[in-house]
2 protein chains.
Amino acid sequence: MERHENTEQEILRAAEQEFLEKGFAGAKIMSIAQRAGVNHAMIHYYFRTKENLFNRLFEEKIRLLTTNLYPALANTEQPLIERIKNTISSHFDFIAENHNLPRLVVNEIISNPKRRKIFRQKIQFAIKTLKPALQTELDQLADNRQIQHIKAEDLILDVVSLNLAIFILFPLIEGVFADDNKTFLEHRKEENIKVILSRLNYKI
Amino acid sequence: MERHENTEQEILRAAEQEFLEKGFAGAKIMSIAQRAGVNHAMIHYYFRTKENLFNRLFEEKIRLLTTNLYPALANTEQPLIERIKNTISSHFDFIAENHNLPRLVVNEIISNPKRRKIFRQKIQFAIKTLKPALQTELDQLADNRQIQHIKAEDLILDVVSLNLAIFILFPLIEGVFADDNKTFLEHRKEENIKVILSRLNYKI
DNA sequence: ATTATCTATAGATCTATAGATAATGC
DNA sequence: ATTATCTATAGATCTATAGATAATGC
C-alpha cells in the first residue's frame, strides 16, 4: 500500500491537466488517477463523482477569468491610455499562462446549460462593475478630441477578441507564421496593442 | 421495414448537426441515427465506422474554411481598401452561417495529431497563395502614405481574430451586451471593419 | 441476385461502489 | 477507532458486426 503525503492535492493537480487537455467528456477517471499516481478509487473517495471534481476546479478558473480584466484598469493614477495598454498586456499574459482555459470554458458552457447560466451572471456582473466608469473616461477623452468615440463594450470585446483568438488559433497555426513561438506571441501582443490604440485613434 | 428515398443523405445531414453540436467524442451513433430517422445499423452499412463518417464531413468543411478568405480579395478591379472591407464582411458572414465550425475544427485538430498535420499544410498553402500579392499591395499603399505599414500576416490574423472570436464568445455573452442578437452581430461586423481600417490608418 | 434494413448481441470502455485490508492517531 | 488505500465487480453506455429478413431490379 503506497502512501502519499497529499493524495487530494495530487488528484486536483492531475485532474486540472486532464480536464484542460481533454474537456469533461474526454477526461477519464483512470487517466487522472494514473497522472496523480494514485488508485482510481481514491478519486471517488475524495470527490465522490467526476462531476464534483470538475466543478470544484471549474469554478475556481471562472473566478480567475472574470476578475482578471479590471485590476490594471482600476489604478486611476495613470492616464487611461496607459492603463488600457497595461490591461491588454496583462490580459494577454494571463491567457498565455492559461492557454487551454478559454477552449475548456467555451466547450463546457455550451454543453451544460446550468454552467452557462451561472457564467453569464458572472459576466454580467463583471461588465456592470467595469463599464460605467470606463465609459465616462472614454467620453471625456473623446470630447477633448484625444480619442475617437467608442462604446466601452466594443472596446472590451475588441481587446478580448484579439487576445483570445490568437491562443485559440495557436494550435492550428503554430509554426506557420514564425519559427519561434515565443517571439511570435510577443509580436502579436504588440500588434494587439497597436490595433486597439489605432482604433482609439490615439497617436503614439 | 421503413424505406427512405435517400438514407445516406439523411445520415450525412444528421451527422453534420450532431458533430457540430457535440464534437467527435460527444456525438453518438445512436443519436445520429435517431436524428436521421434510420436504424443505427444503417450508419455502419453506409459508412462502416464513426470515424469514416466524421472525416467525410470534416474534410469538406476544412476545404470551405481555407478557401473562403481569398475570393473577395482577388477581384483586383477595386481598390485594396474596398476589397479588404468586402473580405472582412464576407468572412464574417461565412462564420455566421457556420458558427459552430471553428470550435469543432479547433477541438478535433487539437485532439487528433493526424488531422492537425493535414490542416496545417492546408493553412500553409492558403497563406502562401495569399500573402505575396497582398504584401506587395500593402507596401505600395504604405509607400504612398495612404496606409500605415503592416505585415500581411498580421492583417490576416487581425481580421480572422476579430471575426472568429465574436462567434466563439457568442454563447457566453448572448444577451449580455444587447437584447437583439441580429442587431448586435451586425454592429460587431461594422466594428470589426472599423478596427481594421483604423489599424491601416485609412481615413474614411 | 443484389441491395437495403432490422434484430440481437459481442466486446470494449467507463464510472462508481462494496467490502476487504493496511496504516495512523489516540 | 478512524482514515486511507486496494481489489473486484456491477452496471451503464457505445461502437461494431453477424446473420436473418424484406424490398428492388433484372
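All of these numbers come straight from a predicted model, not from anything done at the bench. Labels below follow one simple rule: chain letters A, B, ... track the order of the sequence lines, proteins then strands, and each chain is numbered from 1.
By the side chain to side chain contact (heavy atoms under 4.5 Å, CB included) test, A:Tyr46 pairs with A:Thr7, A:Glu8, A:Ile11, A:Met42, sequence neighbours left out. The ring-ring contact (aromatic ring centres under 6.0 Å, His included) test applied to A:Phe24 returns A:Phe54, not counting sequence neighbours. Looking at residues two or more places apart in sequence or on another chain, you find a side chain to side chain contact (heavy atoms under 4.5 Å, CB included) between B:Glu82 and B:Gln78, B:Pro79, B:Lys85. Residues forming a side chain to side chain contact (heavy atoms under 4.5 Å, CB included) with A:Leu80 (at least two apart in sequence, or on another chain): A:Arg83, A:Ile84, A:Leu134, A:Glu137, A:Leu138, A:Leu141. Evaluation of the side chain to side chain contact (heavy atoms under 4.5 Å, CB included) rule for B:Thr49 yields B:Glu51, B:Asn52 as partners, not counting sequence neighbours.
For NE2 of A:His187, the number of neighbouring non-hydrogen atoms (other residues, nucleotides, ligands) closer than 6.0 Å is greater than 12.
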Using a 3.5 Å cut-off and no angle test, enumerate the donor-acceptor pairs between side-chain atoms of residues 25-41 of chain B and protein atoms at least two apart in sequence or in another chain.
{"residue": "B:Lys28", "atom": "NZ", "partner": "B:Ala25", "partner atom": "O", "Å": "3.0"}
{"residue": "B:Ser31", "atom": "OG", "partner": "B:Glu18", "partner atom": "OE1", "Å": "2.8"}
{"residue": "B:Ser31", "atom": "OG", "partner": "B:Glu18", "partner atom": "OE2", "Å": "3.1"}
{"residue": "B:Arg35", "atom": "NE", "partner": "B:Glu18", "partner atom": "OE1", "Å": "2.9"}
{"residue": "B:Arg35", "atom": "NH1", "partner": "B:Gln17", "partner atom": "OE1", "Å": "2.7"}
{"residue": "B:Arg35", "atom": "NH2", "partner": "B:Glu18", "partner atom": "OE1", "Å": "3.2"}
{"residue": "B:Arg35", "atom": "NH2", "partner": "B:Glu21", "partner atom": "OE1", "Å": "3.0"}
{"residue": "B:Asn39", "atom": "OD1", "partner": "B:Ala41", "partner atom": "N", "Å": "2.9"}

Tell me which donor-acceptor pairs under 3.5 Å the side chains of residues 166-180 of chain B have, and how far apart each pair is, sequence neighbours excluded?
{"residue": "B:Glu174", "atom": "OE2", "partner": "B:Asn181", "partner atom": "ND2", "Å": "3.1"}
{"residue": "B:Asp180", "atom": "OD2", "partner": "B:Thr183", "partner atom": "N", "Å": "3.3"}
{"residue": "B:Asp180", "atom": "OD2", "partner": "B:Thr183", "partner atom": "OG1", "Å": "2.2"}

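For residues 116-129 of chain A, no pair satisfies salt bridge (charged side-chain N to carboxylate O under 4.0 Å, His left out), with sequence neighbours left out. Counting only residues at least two apart or in different chains, salt bridge (charged side-chain N to carboxylate O under 4.0 Å, His left out) contacts with residues 155-170 of chain A comprise A:Asp158-B:Arg188.
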Secondary structure of DNA chain C in dot-bracket form (Watson-Crick or G-U wobble, distances below 3.5 Å, | marking inter-strand pairs): ||||||||||||||||||||||||..
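The stretch residues 25-46 of chain B touches DNA chain C through B:Asn39, B:His40, B:Ala41, B:Met42, B:Tyr45, B:Tyr46, each having a heavy atom within less than 4.0 Å of the strand.
On the nucleic acid side, DNA chain C has its first and last nucleotide under 4.0 Å of a heavy atom of chain B at C:dT3 to C:dA8, going 5' to 3'.
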